[in-house]
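Quick note: residue numbers are just sequence positions, from 1. Every value quoted in this text rests on a predicted model; they were computed, and no experiment measured them.
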Amino acid sequence: DHRDRSEAVRRRGVRTEFRVTMRAERGGAERRRQDSGIHFHRESLQDTASAISKEWILANGIGGFASSTILNINTRRYHSLLTAALPAPLGRIATISTAEEAIVVDGARYEISTHRYPEKWHPRGFENLDSFSLSPFPEWTFRLPPGVLRRTISLVHGENTAILSF
């Protein structure tokens, strides 16, 4: 049971960490990517049947990882923002499954998150998704009425630490 595993993690002093950072880009000019990474644009992301089958994964060098689909919809047991590899007998634990993300500007709410349920998708943040890149870290670009929002996840090598940047 997850409560027993959580207590065992606490007793062993295993540390997992999740950091959120926000930064503003000056001038509003859109960045141009000069790399050869993997890119998906709005047209392919709106084909949800195809996009949900495409996945990314990051490793932290000690057996932990972050992974999901390019739409950021968790469809597998170990899809998470941080799955930590802990000492035996604990094994891998999805310590941070997901985050509910939205941006509120002048009272208007814009969804970033998407979750898939048996009969519906809610919230529908993928509708605001303009692009996904994996170069070197997963980056989602959302085009919203107030402007462009970029979301990136990275892991700290050698630690159970995930950094989610906006």
Side-chain angles (χ1 to χ4, degrees), residues 16-61 64-84 94-166:
T16 60
E17 187 175 336
F18 186 65
R19 302 177 194 164
V20 175
T21 63
M22 298 187 79
R23 66 181 182 277
E25 292 181 13
R26 294 188 172 258
E30 190 155 340
R31 287 188 311 182
R32 300 285 179 224
R33 299 191 82 78
Q34 301 292 326
D35 54 38
S36 60
I38 297 169
H39 303 282
F40 293 93
H41 297 285
R42 183 169 190 80
E43 299 76 32
S44 58
L45 295 169
Q46 296 304 308
D47 178 1
T48 56
S50 174
I52 202 166
S53 69
K54 294 172 177 59
E55 301 181 2
W56 58 269
I57 188 167
L58 294 176
N60 65 4
F65 59 90
S67 67
S68 190
T69 66
I70 64 173
L71 293 179
N72 204 36
I73 299 171
N74 294 351
T75 59
R76 298 180 188 272
R77 178 180 176 193
Y78 284 115
H79 275 171
S80 68
L81 296 172
L82 179 60
T83 295
T95 58
I96 304 169
S97 174
T98 190
E100 288 294 326
E101 302 158 325
I103 183 170
V104 178
V105 178
D106 294 330
R109 181 181 174 97
Y110 304 97
E111 298 296 340
I112 304 303
S113 301
T114 302
H115 299 290
R116 185 178 71 169
Y117 299 100
E119 298 299 321
K120 69 189 279 186
W121 293 30
H122 180 79
R124 298 177 63 86
F126 74 92
E127 293 174 341
N128 297 315
L129 189 56
D130 193 55
S131 67
F132 171 85
S133 299
L134 184 61
S135 180
F137 303 111
E139 179 181 83
W140 295 262
T141 302
F142 295 88
R143 190 153 314 270
L144 307 168
V148 173
L149 176 72
R150 287 188 177 80
R151 173 193 189 268
T152 303
I153 185 167
S154 57
L155 299 180
V156 177
H157 185 78
E159 295 181 19
N160 285 316
T161 303
I163 300 172
L164 191 58
S165 302
F166 292 89

(Q) If you define the side chain from C-beta out and look only at heavy atoms, does anything of Glu55 sit under 4.5 Å from Ser68? (A) no

key: Expected output: side-chain Trp140 to main-chain Ile70 donor-acceptor under 3.5 Å   = yes

Correct closest heavy-atom pair for His157 and Gly61 would be CE1-CA, 3.6 Å

Rounded to the nearest 0.5 angstrom, the CZ-CG distance for Phe40 and Leu71 is 10.0 Å

CZ of Arg151 to CZ of Phe137, rounded to nearest 0.5 Å, is 14.0 Å

Contacts under 3.5 angstrom, residues 107-114 side chains, donor-acceptor by atom type, not counting sequence neighbours:
residue: Arg109; atom: NE; partner: Glu111; partner atom: OE2; Å: 2.7
residue: Ser113; atom: OG; partner: Ala99; partner atom: O; Å: 3.1
residue: Ser113; atom: OG; partner: Glu101; partner atom: N; Å: 2.5
residue: Ser113; atom: OG; partner: Glu101; partner atom: O; Å: 3.4
residue: Thr114; atom: OG1; partner: Gly125; partner atom: N; Å: 3.1
residue: Thr114; atom: OG1; partner: Phe126; partner atom: N; Å: 2.8

Anything under 30° is parallel, anything over 60° is perpendicular, the rest tilted; go ahead and classify Phe65 against Tyr78.
perpendicular

| Sub-3.5 Å donor-acceptor pair from the side chain of Arg150 to the main-chain atoms of Phe166, do we have one? | no

Above 12 or not: heavy atoms from other molecules or residues under 6.0 Å from CZ of Arg76?
no

Tell me if a side-chain donor or acceptor on Arg143 pairs with a main-chain N or O of Leu149 at a distance below 3.5 Å. no

key: Glu159 backbone acceptor or donor facing Asn60 side chain under 3.5 Å   = yes

Closest non-hydrogen atoms of Asn74 and Thr98, given as atom of the first, atom of the second and distance, are ND2-CB, 4.1 Å

Mind checking whether His41 and His39 have parallel, tilted or perpendicular rings, split at 30° and 60°? parallel

- Item | Residue pair Phe142 / Ile103, side-chain heavy-atom distance below 4.5 Å | no

d(Thr83 OG1, Asn160 CG) to nearest 0.5 Å is 9.5 Å

Heavy-atom nearest pair, Ala51 first then Ser44, reads CB-O, 3.8 Å

OG of Ser133 to CD1 of Ile38, rounded to nearest 0.5 Å, is 9.5 Å

To the nearest 0.5 Å, atom CG of Asp130 lies from atom CD of Glu43 at 8.5 Å

One should read off an interatomic distance between Ile96 CD1 and Ile153 CD1, to the nearest 0.5 angstrom, of 8.0 Å

